[in-house]
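Presented below is the structure to which this report refers.
Chain letters run A, B, ... following the sequence lines, proteins first and then strands; every chain starts at 1.
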Amino acid sequence: MQQQDWPLWEIFIRSRQGLDHKHVGSLHAADAQMAIENARDVYTRRMEGVSIWAVESKYIHASNPDEAGAFFEPAEDKVYRHPTFYDIPEAIGHM
Amino acid sequence: MSPQINLEEQFQAKIDAEIKIEPKDWMPDAYRKTLIRQISQHAHSEIVGMLPEGNWLTRAPSLKRKATLLAKVQDEAGHGLYLYSAVETLGISRLQTIEDLLSGKAKYSSIFNYPTLTWADMGAIGWLVDGAAIMNQVPLCRTSYGPYARAMVRVCKEESFHQRQGYEIMMTLMNGSAEQKEMAQDAMNRWWWPAIMMFGPTDSESSNTEQSVKWKIKRHTNDELRQKFIDATVPQAEYIGLTIPDKDLKWNEAKGAYDFGAINWDEFWNVVKGNGPCNKQRLEARQNAHNNGAWVREAASAYAEKRAKRSVTAEVA
Ligand SMILES: [Fe+2]
Ligand SMILES: [Fe+2]
């Protein structure tokens, strides 16, 4: 039993009420409760967080970095999705 | 052009363009190996580095100093974990990394193989050892491997307090009795040379530096960082009346930096090879901690299993 690594957990921390949880790193723990308690000790020793998510790493699915070019290409030529694409007279002011 | 060469060129182009490398990106084997070695050595140093200071936790001179030292030692455990987490993204298991430390295969910073003889050593370590570590670590916040860089940002944020509390200990002793001053100077005498050896062998002897700089794992050479550290530290020592134990130390107006005496590299290599004053003791302490903690790890696994089973039964019922 001791020869086996505990599962790996990805840790996400909400630093302040109103902000998103953000990935901060990973740790090993026997179960979710231990992952959250360890995350508190490892990642929030100076009040860096008000909420912790722990997700077992094996449940994270990721896009393939080797295909990132083709995968994200559809957004590349759509400048008309940005506000600066449209000319509005100065006189109108901020819009 | 073979596809391999093409990949290596693309990789170097990313590095040159300051694009970070992330865990699942293609990388040359040698880059991966260099990082595994460097980051795991770094992690082990944080972990073993808790031992010399742990020696004084129960004998700190006041509750305030004790709380501070405990917080610092806890931070070092955290630094070890950030870095173990980073090294694991390179495809080596945590167990293997720790096993490499416990078997003596992996190295850690030689500075931690020196003993902590008096309370003043807590001052000298915080000020000089953490100070030297900071000099090394600040440029690593921009290292080319994303997870390593992010871990270093976190580490650097926490290090500054370590150095300041150490300097404050030295300052307090230097404002104290004749014995206290002597104690501080004695700690300075013992830690100065090992601290400046922390930057590693001189550039002409450092075989890995050139490639590491090309890959932007390192951004400065050992000698550059050592010089920066000396230049920053000498005035701090003078300010509190401590003497640097180097009779050749002298301000060089022309180069705008200090000249310093010859480093005893025989001592350095001797400690690296395992013959320092505490190498054996440090490794044994880690092995004992690991072995004596086995039952805790087993109990936690058993408890997690039992709870998982119970929640399945509850769902079925
Ligand atoms: Fe540290
Ligand atoms: Fe530190």
For this session: Tell me, please, which residues at least two apart from R32(B) pass salt bridge (charged side-chain N to carboxylate O under 4.0 Å, His left out).
Result: none
Seminar exercise, completed: For E76(B), the salt bridge (charged side-chain N to carboxylate O under 4.0 Å, His left out) test, sequence neighbours excluded, returns K72(B)
Could you give the distance from [atom1] ([X]) to [atom2] ([Y]), rounded to the nearest 0.5 Å?
{"X": "I98(B)", "Y": "D5(A)", "atom1": "CD1", "atom2": "CG", "answer": "7.5 Å"}
{"X": "S85(B)", "Y": "L8(A)", "atom1": "OG", "atom2": "CG", "answer": "7.0 Å"}
{"X": "N64(A)", "Y": "K24(B)", "atom1": "CG", "atom2": "NZ", "answer": "9.0 Å"}

Exercise. Side chain, backbone, both or neither: which part of E99(B) has an atom under 4.5 Å from a heavy atom of chain A?
Worked result: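 Interface part for E99(B): neither.
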Exercise. Is it the backbone or the side chain of R150(B) that comes under 4.5 Å from a heavy atom of chain A, or both, or neither?
Worked result: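 No part of R150(B) comes within 4.5 Å of chain A.
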Exercise. Are there residues of residues 130-139 of chain B that reach to under 4.5 Å of chain A by heavy atoms, and which ones?
Worked result: none
For this session: Give the C-alpha distance, both sets of side-chain angles, the deciding distance and a yes or no for side-chain contact (heavy atoms from CB on, under 4.5 Å) between Y84(B) and H28(A).
Result: CA-CA 10 Å; Y84(B) 281 136; H28(A) 287 271; over 6 Å; no
Does a sphere of radius 6.0 Å around [atom1] in [X] hold more than 12 heavy atoms from other residues, nucleotides or ligands, not counting ones at 6.0 Å or beyond?
{"X": "R164(B)", "atom1": "CZ", "result": "no"}
{"X": "Y86(A)", "atom1": "OH", "result": "yes"}
{"X": "D77(A)", "atom1": "CG", "result": "yes"}
{"X": "K78(A)", "atom1": "NZ", "result": "yes"}

Exercise. Which one of Q74(B), H79(B), R154(B) has the most heavy-atom pairs closer than 4.5 Å to chain A?
Worked result: R154(B)
For this session: Sort out for me which of L81(B), D25(B), D75(B) touches chain A most, counting heavy-atom pairs under 4.5 Å.
Result: D75(B)
Exercise. Just checking heavy atoms, which of residues 31-57 of chain A are less than 4.5 Å from chain B?
Worked result: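 The list, in residue order, reads D31(A), Q33(A), M34(A), V42(A), Y43(A), R45(A), R46(A), E48(A).
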